[in-house]
Amino acid sequence: VQLQASGGGLVQPGGSLRLSCKASGIRFSIYEMRWFRQAPGKQRELVAAITSGGGTNYAESAKGRFTISRDNARNTVYLQMNNPKPEDTAVYYCNTVTTRPYWGLGTQVTVSS
């Protein structure tokens, strides 16, 4: 199983950014997919999750600003980040659990003017 995240970078507060995570080695469509993040000196935290049926769940800090979606034909999960804030600066990881948890390598997001 491989999870390859991309799309991170430097974004200004109030801008937008879309993260992608392409999965391979799993029947992507049947698994819940999640985005986590970890800021320096902080614990890794769940940002958003999407079930196989398309149901979504967000951290309070992400509600109304971030949108998680998936494209089962492309084995890809997305995180659309609108109106990012400096406190969203972190390494973002995608995750899924099959017989065990799998993590991608992460993509750095820096929100700064």
Side-chain angles (χ1 to χ4, degrees):
V1 177
Q2 287 191 334
L3 301 175
Q4 187 169 358
S6 61
L10 176 64
V11 60
Q12 291 188 343
S16 64
L17 198 66
R18 189 176 80 158
L19 307 183
S20 302
C21 175
K22 185 171 178 60
S24 59
I26 59 171
R27 282 183 63 195
F28 178 82
S29 63
I30 69 172
Y31 293 108
E32 179 170 306
M33 300 297 298
R34 309 177 181 118
W35 284 100
F36 284 76
R37 68 186 180 188
Q38 188 166 19
K42 295 189 177 181
Q43 289 189 333
R44 192 171 295 190
E45 63 176 358
L46 177 67
V47 177
I50 185 165
T51 68
S52 59
T56 58
N57 187 38
Y58 296 92
E60 283 297 321
S61 60
K63 285 181 180 177
R65 300 186 301 123
F66 295 178
T67 302
I68 189 171
S69 61
R70 65 191 299 157
D71 183 341
N72 290 336
R74 290 180 168 81
N75 284 8
T76 301
V77 60
Y78 303 98
L79 185 69
Q80 178 68 42
M81 304 173 61
N82 294 331
N83 190 26
K85 303 174 181 180
E87 51 263 42
D88 295 319
T89 295
V91 178
Y92 284 71
Y93 300 89
C94 58
N95 161 272
T96 191
V97 180
T98 59
T99 56
R100 69 168 181 86
Y102 289 95
W103 296 91
L105 287 179
T107 185
Q108 174 71 47
V109 173
T110 302
V111 184
S112 175
S113 55

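Just so it is clear, the model here is predicted, and its values are computed rather than measured.
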Should [X] and [Y] count as side-chain neighbours, where that means a heavy-atom distance under 4.5 Å?
| X | Y | value |
| --- | --- | --- |
| L19 | M81 | yes |
| V111 | P13 | yes |
| R65 | K85 | yes |
| L3 | M33 | yes |
| T96 | I26 | yes |
| I68 | Y78 | no |
| L79 | Y92 | yes |

*Any donor and acceptor pair, going by atom type alone, linking the side chain of K22 with main-chain N or O of R74 inside 3.5 Å?*
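Yes, the answer is positive, given that a donor and an acceptor are paired below the 3.5 Å cut-off.
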_Side-chain donor/acceptor of S16 to backbone N/O of N82, under 3.5 Å_ =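 No, the answer is negative, given that no donor and acceptor are paired below the 3.5 Å cut-off.
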*Assess whether side chain to side chain contact (heavy atoms under 4.5 Å, CB included) is satisfied between V109 and L17, documenting all intermediate values.*
CA-CA 9 Å; V109 173; L17 198 66; 3.9 Å; yes
*Can N95 and Y102 be said to form a side chain to side chain contact (heavy atoms under 4.5 Å, CB included), step by step?*
CA-CA 6 Å; N95 161 272; Y102 289 95; 5.9 Å; no
*asked:* Working to the nearest 0.5 angstrom, can you tell me the gap between F36 CZ and L46 CG?
replied: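 Separation between the atoms: 4.5 Å.
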*How long is the gap from CG on N72 to OG on S52, to the nearest 0.5 Å?*
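Answer rounded to 0.5 Å: 8.5 Å.
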*Examine R34 relative to W103 and say whether NZ or CZ is less than 6.0 Å from the centre of the six-membered ring and inside a 45° cone about the ring axis.*
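Verdict for W103: no cation-pi partner in R34.
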*With a cut-off of under 6.0 Å to the ring centre and 45° to the axis, is R70 in cation-pi contact with F28?*
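Yes, cation above the ring, under 6.0 Å and within 45°.
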*Could you go step by step and tell me if S112 and T89 meet the side chain to side chain contact (heavy atoms under 4.5 Å, CB included) rule?*
CA-CA 8 Å; S112 175; T89 295; 6.0 Å; no
Does atom [atom1] ([X]) have a neighbourhood of more than 12 heavy atoms from anything else shown, all under 6.0 Å?
| X | atom1 | value |
| --- | --- | --- |
| Q4 | CD | no |
| Q108 | CD | yes |
| L105 | CG | no |
| E87 | CD | yes |

*Report whether I30 and V97 are members of the same hydrophobic cluster (ILVMFWY, side-chain heavy atoms less than 4.5 Å apart, transitive linking).*
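Per the 4.5 Å side-chain linkage, I30 and V97 are not co-clustered.
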*asked:* Between Y93 and Y58, is there shared hydrophobic-cluster membership here, with clusters defined by ILVMFWY side-chain heavy atoms closer than 4.5 Å?
replied: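 They do not share one cluster, since no chain of ILVMFWY contacts under 4.5 Å joins Y93 to Y58.
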_Residue pairs passing the disulfide (SG to SG under 2.5 Å) test where at least one lies in residues 2-82, sequence neighbours excluded_ =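 Counting only pairs at least two positions apart or across chains, the disulfide (SG to SG under 2.5 Å) contacts touching residues 2-82 are C21-C94.
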*asked:* Could you walk me through whether V77 and I50 satisfy the side chain to side chain contact (heavy atoms under 4.5 Å, CB included) test, starting with their C-alpha distance in whole Å, then the side-chain angles of each, then the deciding distance to 0.1 Å, before giving a yes or no?
replied: CA-CA 9 Å; V77 60; I50 185 165; 4.1 Å; yes
*Would you tell me whether S61 and R37 have side-chain atoms, one donor and one acceptor, within less than 3.5 Å of each other?*
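Result is yes, a qualifying pair exists.
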